[in-house]
Number of protein chains: 2
Amino acid sequence: MASKVCRWGILGAANIARKNWKAIRNAENATLTAVASREPSRAKEWIAGCQSECPFPTVPEACDYDALLKHPNVDAVYIPLPTGIRPEWVLKAANAGKHILCEKPCAPDAGQLRTMIDACKAKNVQFMDGVMFMHGKRLPLLRSVLDDGETVGTLRRVATQFSFAAGDDFLTGNIRVNPALEPLGALGDLGWYNIRFTLWVMKYLLPTKVCGRLLTEHSGVPLEFSAELFFPGGVSASFYCSFNTELQQWAHVSGTKGSVAVRDFVLPFYGCESEFVADRPVFNVKGTSYHWESHPKRFAVTEYSDGTPDAQETNMICTFSGLALSGKLDPTWPEIALKTQLVMDACLASARKGAVLVDL
Amino acid sequence: MASKVCRWGILGAANIARKNWKAIRNAENATLTAVASREPSRAKEWIAGCQSECPFPTVPEACDYDALLKHPNVDAVYIPLPTGIRPEWVLKAANAGKHILCEKPCAPDAGQLRTMIDACKAKNVQFMDGVMFMHGKRLPLLRSVLDDGETVGTLRRVATQFSFAAGDDFLTGNIRVNPALEPLGALGDLGWYNIRFTLWVMKYLLPTKVCGRLLTEHSGVPLEFSAELFFPGGVSASFYCSFNTELQQWAHVSGTKGSVAVRDFVLPFYGCESEFVADRPVFNVKGTSYHWESHPKRFAVTEYSDGTPDAQETNMICTFSGLALSGKLDPTWPEIALKTQLVMDACLASARKGAVLVDL
């Protein structure tokens, strides 16, 4: 790659992609060459909207999907297309030699994701799923606390909940509840984060068994889903994701010595420092005195959630661009995306069979 | 009842009873007549310990169980005896005409509890389980917030976790893991609170189905247990309780409009106000801006956790004493104790059958 910056194309003028427009704009080692839509006129309109608010020095080109993949000045593509058609375009992008940042859930199932990842490997292009929280400054700090042996001790339980209240229009009109486009519904859209966070805590050890439960569905698409994951060594994890419940995005990790709570693990609440709180309560029971004392300890990093230079989405684009520019691929990203999808598949398989235990 | 104060007897010189010694001492409408142990000498020693720290004007008498139940100056008994032998002594106490404050889990199963409750009804004595958090100042405030229609909206999910790390000596020597004395282990000792809090949130609507899972056990006694409860209308609840995980005691209630978090629902952490935090986050997504804003609102009442006049345990003794003195029994207390035990039984039955769904 001759360029000193990674030249991006966005394959699909989706709402979510506006955020990555800004992240590409803010990343020092990235620029945006083109945006594709089925109808280039739609891409043009979309570009005009973003450009008026957050301009690139050179206006990105509007084109259709095929033209984007053939574009000589596109090194990497961000693919926010619906899950149902994503595998097809990931394969095309890989075959066109483009590095791929892929929205989640990566594919309708792990089999298709494996094919996509194999294609990327064969063509020597980087694959990564677009999980922004993986790139925040908070996780390294949280890792050091989880690993210190004292704050949490030996892990026992991980609990996460991620939801937002979608509203009736969403549930009838939105692609996120269309079985052909988003067959995994809230499990794919939200549960992907629950599972990824849990796997991150577990250092990507896979659960040996999972149990999933479809709490609410619409045309077979999960709207509300809960699951429990069982790991070697007795650690268990529960998660809940929902389109029926107002925004919550919390995680709680507890062990033999204490616990850590994160109230916004997916996207740090705007205007707040990115933080978490550890607690190692003390029993103070003596005679007729019966105290439980809390000793919360706050850990924080300064990080903003709106496309500023150190936002997690900007870091994601920077990291990906660096990998693309270096030519030295990182096999960890496709591997953890696949693990996430394997766990998701097993949770859904369990739910479809009436919440039986499913082996991984 | 001629007395203006309720005259208590403590049936069993247990550690946990020291706290209620202090609560009886602090309650204006209560006094302590006697403490019983199998060996009166043990009760005498126990009384001396408590008396030196938190004295009654008249030193309570030491006696054995039968003498306590025959004592003419005992109106109400607090029974902290182990679960395995509790039904026997509750029946004897009821037949002796004593009002009964019963430690939890009330009985090894709901069938035995029903017999106990029927005996109390037949003898016209009050029955109540010793769930102190029911008597804190926080719950009425939390109820008003849950019912305001705006903060949480329509309920969707309740999650609670209650645990403490018991240590190896506990797991081998403590009665709480002895199958004859405490057959319900952590599920009875801790899960009782998870279930009660959840039922309280649901205004004592019973779940239609539950699923329970024995995560760790010792001689058949649950040491770590998780469950999910399914209510009419689509509300679901999960809980986790454990003797293997350091102290945590949090609850999270979420609905279509927001959520409420309580970090210490069982026993307010010492030195802290009794509080909870509501949040109704706002999505602020416009163009390339993508904010999620948190709007936490703290609610607090001043309440202390160590036997002071407005501590929840003191309130419990006051409320119970008031009922006993009035002669007008409150049937709600035995009813909600029974519901708690029914849900617990169903969770354990589910777990014993491999976490199948069990109907209630």
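Below, read A as the first sequence line, B as the second, and so on, with proteins coming before strands; counting in each chain starts at 1.
By the side-chain contact (heavy atoms from CB on, under 4.5 Å) test, Ala43(A) is found to be paired with Val35(A), Ser37(A), Ala62(A), residues two or more places apart in sequence or in another chain being considered. Shown here are the side-chain contact (heavy atoms from CB on, under 4.5 Å) partners of Thr256(A), two or more places apart in sequence or in another chain: Thr154(A), Arg156(A).
The NZ atom of Lys257(B) sits 14.0 Å away from the OG1 atom of Thr245(A) when rounded to the nearest 0.5 Å. Rounding to the nearest 0.5 angstrom, the gap separating the CZ atom in Arg280(A) from the CD atom in Gln248(B) is 14.0 Å. Interatomic distance, CH2 of Trp292(B) versus CG of Asp264(A), reported as 9.5 Å (0.5 Å rounding).
At a 4.5 Å heavy-atom cutoff, the contact between Arg263(A) and chain B is made by side-chain atoms alone. In this structure, the portions of Glu293(B) lying under 4.5 Å from any heavy atom of chain A include both its backbone and its side chain. If you measure heavy-atom distances from Leu155(B) to chain A, you find no contacts under 4.5 Å at all. Both the backbone and the side chain of Ser294(A) come within contact range of chain B, judged by heavy atoms closer than 4.5 Å. In this structure, chain B has heavy atoms under 4.5 Å from both the backbone and the side chain of Leu247(A). Of the atoms belonging to Arg213(A), it is side-chain heavy atoms, and not backbone ones, that fall under 4.5 Å from chain B.
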Verdict with reasoning, Glu246(A) to Ser259(B), per side chain to side chain donor-acceptor pair (under 3.5 Å): CA-CA 7 Å; Glu246(A) 189 48 286; Ser259(B) 59; over 6 Å; no
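Of the N and O atoms on the side chains of Thr288(B) and Glu53(A), at least one donor lies less than 3.5 Å from an acceptor on the other residue.
Taking Ala159(B), Gly255(B), Ser236(B) one by one and counting their heavy-atom pairs under 4.5 Å with chain A, the maximum is reached by Gly255(B).
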